[in-house]
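The first residue in the sequence is number 1, and the count goes up from there. Note that the structure is a prediction, hence the values are computed from the model and not measured.
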Amino acid sequence: MRRMVAAFVLSLALAVSAKAQQINVEEFTLDNGMKFLLYPRTEQPNIIAAGWVAKVGSVNERPGITGISHFFEHMMFKGTNTIGTNDGARDAEFRAKQKAIRDQILKITWGSQYKRWKSGEIDDPWDPANDTDELAKLRGELKSLMDQHKDKTTGTIVKDEFDQVYTKGGASGMNAFTSEDVTFYFINVPSNKFELWAWLESDRLSDSVFREFFAERDVVHEERRLRTESTPTGIFQEQFNAMFWQSSPYNWPVIGWTSDLNSYTFDQAMDYFNIYYRPNNLVGVIVGDFKTEEIKPLIRRYFSRLERGSVEPPSVVTLEMKQMAEQRMNAECDCQPQIEVRYHTVPWNHADSFALSMMSDVLNSRTGRLYKSMIEGKKIASQANAFQNDQKYAGYFSFSAETKGDSKPEDLEAGWYTELKRLQDEEIGDAELQKVKNQVAADSYRRLQSNFGLLVQIGISEAFGGWQYINDSTPKLLAVTAADIKRVANKYFDKTNRSVALYYRKAGAGAAEDPEFAAIAEKIGPQMAQGLKRQLEMLKKMDNIDMLTQTVSQMETNKDQAPPEMAPVVEYMIKKVRERLDQLKK
């Protein structure tokens, strides 16, 4: 829960803007291929935001191992032969015995269980209820070993030792996230504890043992259940995304398909790790109060021990096929009626991405066209938003909105087409465009307020193609003309290039929405509001008081890292976590 909340707050920070003021980053590369980006600054004295990016995400996977990138995010917190265990030799024995049993379970499941499923004898080859006696016995042996492994008396696991060592050293906010394109690990450390960071991070990159490999699958399954299967629109959004991407590997969810989470082996995971988690595919990012001449020797000392991968990460070569006909999906859920209309556009840093981004800025905010026409004007929407999603290898433009009063999703769809036609037929006026550009310029300064925000921007931009994007993007955005916006509105927004998802309230479902949530949702737009709603749904199912206490403590510690625009969202989440804690304590 703690990692999921932090990842959500991070996603809000990233979504505020795609622009930044000029910065001067120093870069150097070790002999093993690991690049480091250094940006010293003293705005936050005695604090360093440190992290590293693996240039890998779900887009690098394939059917059969979907979700493995996200799974490694979990596994990298489990420790090494030094961290996370009180007996390295016995720990290795536990892991070897678990692997041997798991390999037998997989062999039987892929063989006889799949045959039983294909013949119609059972409806799910992975459901323990369908186990043969042999399979049930093996599953029981595996569970017994996993329980012994983590038992405080018989086991060897020291739970959360990475976090404990960092916390004792004064560090905070240790976390990570996985997206379609990157996996990012980060933390805030006192300036005088940089060597601790260098040792711990290089240790887990060079010596991770992937402890609790099989037990952690259950954790990921539960995360999938909470984030996707138990939310009102989660499974439908997943289906819509799979419908939208025909050939691109963006087709599957970051968390992976359920059967793949069950299927991939430890050996397959190690093959994946040895391609994508080697130094030639990693970037270290250091932002904060430090002197480069003091930390460079430490970086060389610790990270030079990482061995370069023998196999270079392969390129993603499958491009999205051109969509030839409109696609539509109708869904019924326990939700406010809503809509998403999505169009294939362009990837990150494409020449047209800047005009598309400016087009979304014209539509968004309380002074934007969607608010004026659909929320304030026709009063058919409680919220409406548009955005250009620049992913590494492809991109899309999305309009989404929720209904208000008696309006229907079809009313929102018609309202969107009206606004789109205005953009296609008429050039935006000088005053309206200048207002948006003024906001772009202001955003470029606001994004420099925290070490953490800069860390994320630098790391993601480098993983996508180059950190210089931070400097280059603002001038390109400010150079967009009204004619450019009109041109892209006509180029990409043909009806044959669109996919439409209409969400209707299921009969008997739906309750009055929290007014405080509605007010926040109006400010942040449907896309982020949907993410916030999913977090709230997950929160209702959390019943671990210790974990929730840690979560709210970490959110309190890190809330100043969020952009000012997102402060109300973070405060709202903190309030809701505290309310959940009060419920459980009663």
Side-chain angles (χ1 to χ4, degrees), residues 1-12 14-15 53-78 124 126 175-185 210 212-245 248-266 268-269 272-273 276-277 316 331 333 340 389 391-393 460 501 527-528 530-542 547 551:
M1 177 67 180
R2 186 174 61 195
R3 288 206 299 270
M4 288 187 283
V5 170
F8 173 65
V9 172
L10 174 63
S11 72
L12 297 180
L14 291 175
V53 180
K55 292 186 280 187
V56 61
S58 60
V59 73
N60 302 100
E61 299 162 0
R62 59 170 173 76
I65 61 168
T66 64
I68 200 168
S69 301
H70 171 258
F71 185 71
F72 268 118
E73 177 203 321
H74 283 242
M75 296 311 302
M76 292 299 288
F77 287 89
K78 294 299 180 180
D124 183 352
W126 295 102
N175 225 304
F177 69 87
T178 308
S179 73
E180 291 86 352
D181 297 303
V182 299
T183 309
F184 207 144
Y185 300 79
F210 309 119
E212 299 183 280
F213 183 87
F214 306 108
E216 197 65 19
R217 287 172 187 261
D218 295 334
V219 176
V220 176
H221 274 297
E222 180 64 10
E223 183 179 341
R224 178 181 164 80
R225 187 183 70 80
L226 289 170
R227 293 175 61 179
T228 303
E229 296 165 5
S230 297
T231 58
T233 59
I235 55 174
F236 298 118
Q237 290 172 337
E238 192 174 76
Q239 181 177 335
F240 181 64
N241 193 67
M243 179 182 80
F244 179 77
W245 297 110
S248 167
Y250 289 124
N251 172 278
W252 48 78
V254 173
I255 202 165
W257 300 122
T258 301
S259 59
D260 287 356
L261 296 179
N262 289 324
S263 294
Y264 50 76
T265 67
F266 183 86
Q268 286 176 318
Y272 195 80
F273 180 86
Y276 293 105
Y277 273 79
V316 174
C333 55
E340 181 181 359
N389 185 18
Q391 295 174 273
K392 188 173 182 178
Y393 300 101
I460 289 182
Q527 194 75 17
M528 284 187 284
Q530 199 63 246
L532 178 57
K533 187 177 291 185
R534 284 196 293 270
Q535 295 294 325
L536 294 172
E537 290 295 327
M538 282 190 284
L539 185 58
K540 293 176 184 177
K541 298 175 175 65
M542 295 297 295
M547 186 180 293
T551 297

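Using the six-membered ring where Trp is involved, F273 and F210 have ring planes that are perpendicular, over 60° apart on the 30 and 60° scheme. Ring geometry for Y277 versus Y185: interplanar angle over 60°, hence perpendicular rather than tilted (30 to 60°).
No side-chain heavy atom of S179 sits under 4.5 Å from any side-chain heavy atom of F184. For the pair I255 and V220, the minimum side-chain heavy-atom distance is below 4.5 Å. For the pair I65/D260, no side-chain contact is recorded, criterion being any heavy-atom separation below 4.5 Å from C-beta on. Between E216 and F77, the closest side-chain pair of non-hydrogen atoms is not below 4.5 Å.
By the side chain to side chain contact (heavy atoms under 4.5 Å, CB included) test, S230 pairs with R225, K541, sequence neighbours left out. With sequence neighbours excluded, no residue satisfies side chain to side chain donor-acceptor pair (under 3.5 Å) with Q239. Checked against ring pair (Phe, Tyr, Trp, His ring centres under 6.0 Å), Y272 has the following partners two or more places apart in sequence or in another chain: Y276. Partners of F213 according to the ring pair (Phe, Tyr, Trp, His ring centres under 6.0 Å) rule, which considers only residues two or more places apart in sequence or in another chain, are F71, F266. Among residues two or more places apart in sequence or in another chain, the ring pair (Phe, Tyr, Trp, His ring centres under 6.0 Å) test is passed with Y393 by none.
Judged by distance alone, with hydrogens and angles left aside, the side-chain atoms of W257 form no donor-acceptor pair with the main-chain N or O of W252 at under 3.5 Å. Formation of a donor-acceptor pair under 3.5 Å by the T183 side chain with backbone atoms of V56 is found in this model.
Annotation for V59 and V316: closest pair O-CG2, 3.9 Å, computed over non-hydrogen atoms. Here the shortest heavy-atom pairing between T233 and C333 reads CG2-SG, 3.8 Å. Of all heavy-atom pairs spanning G57 and S69, the tightest one is O-OG, 3.2 Å. In terms of heavy-atom proximity, N60 sits nearest to K55 at OD1-O, 4.1 Å. Nearest heavy atom pair, residue N241 against residue N251, reads ND2-O, 3.8 Å. Nearest heavy atoms, Q391 versus D181: CB-OD2, 3.6 Å.
With T178 as the fixed residue, the side-chain hydrogen bond (donor to acceptor under 3.5 Å, both in side chains) test singles out one of E73, H74, H70: E73.
One finds the CG atom of L539 at 10.5 Å from the CG atom of L226 (value rounded to the nearest 0.5 Å). Taken to the nearest 0.5 Å, the CD atom of E340 stands 14.5 Å off from the CZ atom of F236. Rounded to the nearest 0.5 Å, atoms CD1 (I68) and CG (L261) are 10.0 Å apart. Taking CG of D124 as the start and CG of N262 as the end, the distance is 8.0 Å to the nearest 0.5 Å.
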Give the C-alpha distance, both sets of side-chain angles, the deciding distance and a yes or no for side-chain contact (heavy atoms from CB on, under 4.5 Å) between V182 and F177.
CA-CA 8 Å; V182 299; F177 69 87; 4.1 Å; yes
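Applying the salt bridge (Lys or Arg N to Asp or Glu O under 4.0 Å) test to every pair with at least one member in residues 232-245, sequence neighbours left out, gives these pairs: R224-E238.
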